[in-house]
Amino acid sequence: MALSEQELHRREERQKLMEAGINPYPSETFEITTTTEDIHQNFEKEPERFEQVSLAGRLMRRRIMGKASFAEIQDAAGRIQIYVARDEICPGEDKSLYNTVFKQLLDLGDIVGVNGFIFTTKTGETTVHVKELTVLTKSLRPLPLPKEVQDEEGNTKTYDAFTDPEQRYRQRYVDLIVNPKVRETFRQRTKLVSSIRNFLDGQGYLEVETPILQPLYGGAAARPFKTHHNTLDMTLYLRIANELYLKRLIVGGFDGVYEFAKDFRNEGMSRFHNPEFTQVELYVAYKDYEWMMDLVEEMIERAALDLHGTTEVQVGENTINFQRPWKRFTMFEAIQHYTDIDISEMDETQLRETAHQLNVPIDDTMGKGKLIDEIFGETCEPKLIQPTFITDYPVEMSPLAKKHRSKPGLVERFEAICNGKEICNAFSELNDPIDQRERFEEQLTLGKRGDEEAMTLDEDFLRALEYGMPPTAGLGVGIDRLAMIMTNQPSIQEVLFFPQMKPEAKQAESSDQEFVDRGVQPELIPVLHKLGIVTITQLQEASPNKLHNDVCGMRKKMKLKEVKNPTKEEVEGWIED
RNA sequence: GAAUCAGUAGCUCAGCUGGUAGAGCAACGCCCUUUUAAGGCGUGGGUCCUGGGUUCGAGCCCCAGCUGAUUCACCA
C-alpha cells in the first residue's frame with residue numbers, strides 16, 4: 001500500500017527518535033498517579049493533592065508558541081491541557097527534548113506521559129505544568145481530528161467531525177478516539193448490563209454459561225450459521241438461542257438461572273438486526289408469566305434509573321417512561337384497539353382475508369399463528385411507544401410456551417414492546433413433555449410447508465422434560481435493542497463495537513520483488529504504482545506501447561531525473577511471460 | 001432484493017451555464033514563554049470512484065459498473 005506523505009513523515013520521525021536514543025515504544029511501566037477526570041473533579045477542592053502528579057494520554061491538540069507550548073492530552077475519561085515550557089523540560093544546556101523531540105518528532109495522536117503539577121492559567125483553564133515528558137507510543141497514522149469550539153452561549157460546535165458511518169464502524173478505534181460521545185454510549189451499554197446483572201444476582205439467580213456450538217439449534221425461530229467439527233466429523237450450529245439448555249438446568253435443580261448470551265442468526269441485516277447479538281435469558285422455577293411481567297418492569301425501571309437517574313428516557317422524538325406499572329394488552333385487544341377488528345374467533349381463511357383487507361403482506365406458508373403475528377406486527381407494534389406488555393399469543397407460533405390456563409388456542413406468553421420494537425419475550429414455559437413433543441411435530445409440519453424458521457425436534461431436550469421440569473417462567477431480553485433505547489441511538493451498529501460489515505474492499509498487491517523478477521528496475525516501481533499498476537496481473541494486461549509511453553511520461557512528471565527511462569524492449573519484457 | 005442519495009487533498013466540504021482543481025483544518029519550514037478553533041509568513045499535497053460516450057474541451061452532461069449510506073423488503 002502506498003504510504004501518504006504524512007505517514008512516511010511519521011515513520012521517519014519514529015526512526016529519528018530511535019536514533020536520538022528514545023524508544024518510541026518503551027516497555028517499562030509508566031506510573032500514573034491521577035487521571036483527567038480526577039483533576040477536573042478534585043483539583044479545586046484539594047489542590048495539595050496535585051502538587052506532583054503523573055498522567056498519560058494521547059496528544060490531541062497542540063499550540064506551539066516558541067519556547068513554550070500548550071497541548072491537550074486525552075485519557076480514558078477526557079482531556080486536559082498541558083503546558084510545556086522549554087526550560088522546564090530541558091533544565092540543562094541540551095534543549096533537544098523540547099526543540100526536536102516535542103516540537104518536531106511528536107505529532108497529534110502520539111501517546112505521552114507527563115510529570116508535573118496542576119495549576120490554573122490566567123485564562124482559567126486547569127493545566128498540567130509539565131516537568132518531565134516521556135514518549136510512550138509513536139503513532140504512524142494521522143487521526144481525523146475534529147475541532148470543537150464553544151461559542152459565547154457555551155454551545156459546543158464541532159467542525160470536521162469524523163462522521164462517515166462506514167469509516168466509523170470499520171475503524172471503531174478511531175471513532176472512539178475522536179468521538180467522545182461514542183465512548184460514552186458504550187459505557188452506558190456496559191452499565192445497562194451491569195444493572196441487569198446486579199438485579200438478577202440480587203434475586204439470587206445463578207449466572208451460567210451454556211454451549212454456543214450446538215448439534216441442534218433450537219429455542220427460537222431463525223436460520224442458523226452452520227459449521228463443522230473436524231475430529232467428530234459432525235455438523236454444529238452456532239446457537240440461535242440458549243433457551244433449551246437453560247431449561248435443562250432448571251430440570252437439573254437450579255431454581256433460577258440466567259445467561260448473557262451472544263446468539264447468532266443467519267438472516268438479514270438492518271439497523272435493528274446484526275447477525276450476532278446479545279440476549280439475556282432468565283428461567284425461574286415455580287413462577288409464571290404474570291410474575292415475570294412484574295420482574296421485567298422492576299428490572300428495566302431500575303436500569304433506567306441506574307443509567308439516567310430517572311425513569312424517563314428521551315429516544316428520538318419520544319420521551320419514554322419506564323415507571324411501573326406498564327400498560328398491559330392481550331394481543332387480540334391490541335389488534336382490536338388499533339384496527340377495530342376482533343380477530344379472536346377467526347379461522348385461517350378469515351385471517352387471510354383480514355390481512356388482505358389491512359394490507360398486511362402474507363404468503364401461503366403462513367399458518368394461523370403467523371398470520372395473527374403479521375397482523376399485529378403491521379398494525380400495532382409501531383404504534384406502541386411507551387413500554388407495553390402484549391400478552392396471550394396464538395399457540396401456533398409459540399411452540400415452547402405453556403397453553404393458556406383459561407383461553408383455548410393461546411399460550412401464556414408476553415412481549416414488552418417499547419418505541420415500536422420488541423424488547424423482551426417471555427412465557428410460562430411448557431413443561432408437559434407430551435405436549436412439547438406434539439408442538440415440535442407441528443413445527444416439523446410447518447417446516448415441510450416451507451417455513452424455514454420452523455423449529456427442529458430436540459430429543460435430548462424432551463428426555464430432560466420427561467424427567468420433570470417444574471413450572472417455570474422464562475424470559476429473553478434483547479440487550480442490543482434495549483441499549484439502543486437507553487442510549488438514544490437509532491441503529492444497532494451504534495451500540496455494537498464491531499458491527500458486521502461487508503468485507504473491506506482490499507486490492508491485492510504484488511511485492512516489489514515480483515516486479516523486479518519480471519525485469520522492472522526497482523526505481524520504476526513507484527512510477528508503476530502511480531500509474532495504478534500494483535499487481536503483476538495488471539502489468540501483464542497493459543499494452544506495451546501505451547505502458548512505455550505512460551512510464552516515461554510519469555517518470556518525468558514525478559521528476560525522477562536520475563532514473564533512466566526503460567527502453568520499449570524492456571517494457572515488452574515485463575509484459576511477456 | 002428494490003428505491004433514493006453520495007463518492008473531489010489526510011479530515012470536513014465548496015466547485016456557477018461544460019472552459020487552467022479550491023477553502024478551512026491537518027502536514028512541512030520559519031517566527032513567537034499563559035495559548036485555547038492560538039497567531040503571523042511561507043511550502044507541499046489530487047487516478048475529481050472506475051470504464052465508456054457526447055464535445056474543440058467533462059469534476060460537471062449521457063450510459064454502464066463499483067463502493068457506501070439511508071429507507072423499504074426480509075427478520076421473534
Side-chain angles (χ1 to χ4, degrees), chain A residues 2-10 12-13 61-72 79 81-88 98 103-104 107-109 119-125 127 129 141-151 156-170 174 178 219-223 240-241 243 263 265-275 277 279 361 363 369-370 373-374 376-377 381 393 397-400 413 415 417 421-426 452-453 455 476 478 481 490-491 493 501-505 529-533 554:
Chain A
L3 294 173
S4 71
E5 191 185 350
Q6 292 189 37
E7 286 171 299
L8 286 170
H9 183 73
R10 285 173 181 237
E12 283 167 23
E13 289 173 331
R61 222 184 278 183
R62 210 159 46 144
R63 300 178 280 278
I64 295 178
M65 308 177 334
K67 297 189 190 70
S69 301
F70 287 91
E72 280 168 38
R79 290 189 188 183
Q81 176 166 273
I82 64 172
Y83 172 75
V84 183
R86 185 190 68 184
D87 298 333
E88 293 278 348
Y98 182 78
K103 276 169 65 176
Q104 291 181 356
D107 294 295
L108 299 187
F119 75 111
T120 305
T121 65
K122 67 182 183 193
T123 52
E125 179 147 354
T127 301
H129 187 120
R141 281 177 189 262
L143 286 170
L145 275 178
K147 295 266 173 198
E148 279 170 15
V149 187
Q150 294 203 340
D151 62 23
T156 304
K157 275 183 85 178
T158 306
Y159 296 82
D160 299 351
F162 181 62
T163 53
D164 177 31
E166 189 195 359
Q167 298 293 331
R168 288 185 48 230
Y169 302 153
R170 284 198 199 283
V174 174
V178 303
R223 278 175 287 165
I240 57 174
E243 170 155 357
D263 292 338
R265 297 187 183 175
N266 204 343
E267 289 172 345
M269 288 159 58
S270 75
R271 71 190 177 98
F272 292 105
H273 299 84
N274 195 63
F277 65 101
Q279 286 199 89
D363 66 58
K370 190 102 179 169
D373 187 47
E374 290 293 324
F376 173 78
E381 209 172 47
Y393 284 60
M397 51 178 303
S398 311
L400 301 166
R413 168 178 175 179
E415 291 190 359
I417 314 282
K421 281 278 163 188
E422 169 204 343
I423 56 171
C424 79
N425 181 20
E452 290 186 78
E453 293 169 359
M455 291 187 193
R481 289 190 186 170
S491 73
Q493 288 95 331
M501 304 283 285
K502 282 192 186 177
E504 198 166 359
H529 283 180
K530 197 79 179 172
L531 288 168
I533 296 176
M554 185 56 80

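The sequence lines fix the lettering, A, B, ..., with proteins before strands; numbering per chain opens at 1. Here the structure is a predicted model, which means the values were calculated and not measured.
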Student: Please indicate whether A:Arg141 has more than 12 foreign heavy atoms, meaning atoms of other residues, nucleotides or ligands, lying under 6.0 Å from its CZ.
Tutor: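 Counting other residues, nucleotides and ligands, CZ of A:Arg141 stays at 12 neighbours or fewer.
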Student: Figure out the CZ/P separation between A:Arg168 and B:G68, and round it to whole Å.
Tutor: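 It works out to 17 Å between those atoms.
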Student: Under the ring pair (Phe, Tyr, Trp, His ring centres under 6.0 Å) rule, collect the residues that match up with A:Tyr169, sequence neighbours excluded.
Tutor: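 A:Tyr169 satisfies ring pair (Phe, Tyr, Trp, His ring centres under 6.0 Å) with no residue once adjacent residues are dropped.
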Student: Could you state the CE-C1' distance from A:Met269 to B:A73, rounded to the nearest angstrom?
Tutor: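 Nearest whole value for this atom pair: 15 Å.
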Student: Tell me: CG of A:Leu108 to C1' of B:A37, nearest whole Å?
Tutor: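 About 13 Å, once rounded to whole Å.
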Student: For B:U71, which nucleotide in any strand shown is its Watson-Crick or wobble partner with both distances under 3.5 Å?
Tutor: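 B:A2 is the nucleotide pairing with B:U71.
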Student: Does either side chain, that of A:His9 or that of A:Glu5, offer a donor lying less than 3.5 Å from an acceptor on the other one?
Tutor: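 A:His9 vs A:Glu5: no donor-acceptor pair found between side chains.
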Student: The side chain of A:Arg170 lies closest to which of these nucleotides: B:U34, B:G68, B:A27?
Tutor: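 Output: B:G68.
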Student: Tell me which of A:Arg271 and A:Glu125 sits closer to the 5' end of RNA chain B, going by the nucleotide each one is nearest to.
Tutor: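 In this pair, the answer is A:Glu125.
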Student: How far does the C1' atom of B:C16 sit from the matching atom of B:G59, given to the nearest Å?
Tutor: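 Here B:C16 and B:G59 have their C1' atoms 13 Å from each other.
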Student: Give none if B:U20 has no partner; otherwise give the nucleotide forming a Watson-Crick or G-U wobble pair with it, both distances under 3.5 Å.
Tutor: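 The base-pairing partner of B:U20, which may sit in any strand shown, does not exist here.
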Student: Are OP1 or OP2 of B:A26 and a side-chain N or O of A:Arg62 less than 4.0 angstrom apart?
Tutor: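 False: A:Arg62 side-chain N/O out of range (4.0 Å or more) of B:A26 OP1/OP2.
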Student: Is a donor-acceptor contact shorter than 3.5 angstrom present between the side chain of A:Tyr83 and the base of B:U33?
Tutor: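 Yes, a donor-acceptor pair under 3.5 Å.
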Student: Are OP1 or OP2 of B:U33 and a side-chain N or O of A:Lys67 less than 4.0 angstrom apart?
Tutor: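 For B:U33, OP1/OP2 do have a side-chain N/O of A:Lys67 under 4.0 Å.
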Student: With the side chain of A:Thr127 defined as its heavy atoms from C-beta on, choose the nearest nucleotide among B:U35, B:A26, B:G45.
Tutor: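 The answer is B:U35.
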Student: What is the base-pairing partner of B:G29, counting Watson-Crick and G-U wobble geometry with both distances under 3.5 Å?
Tutor: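 Partner of B:G29: B:C41.
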Student: Under a 3.5 Å limit for both distances, which nucleotide forms a Watson-Crick or G-U wobble pair with B:U55, could you say?
Tutor: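 For B:U55, the partner nucleotide comes out as none, under the 3.5 Å rule.
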Student: Quantified in whole Å, what is the P atom distance between nucleotide B:C5 and nucleotide B:U47?
Tutor: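 Those two atoms are separated by 27 Å.
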Student: In chain order, what residues pass the side-chain contact (heavy atoms from CB on, under 4.5 Å) check against A:Arg63, with sequence neighbours excluded?
Tutor: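 Here the qualifying residues are A:Arg61, A:Phe70, A:Glu72, A:Gln81.
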Student: Touch check for A:Phe119, heavy atoms < 4.0 angstrom, all strands: base, sugar-phosphate only, or nothing?
Tutor: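 Since a base atom lies under 4.0 Å of A:Phe119, the category is base.
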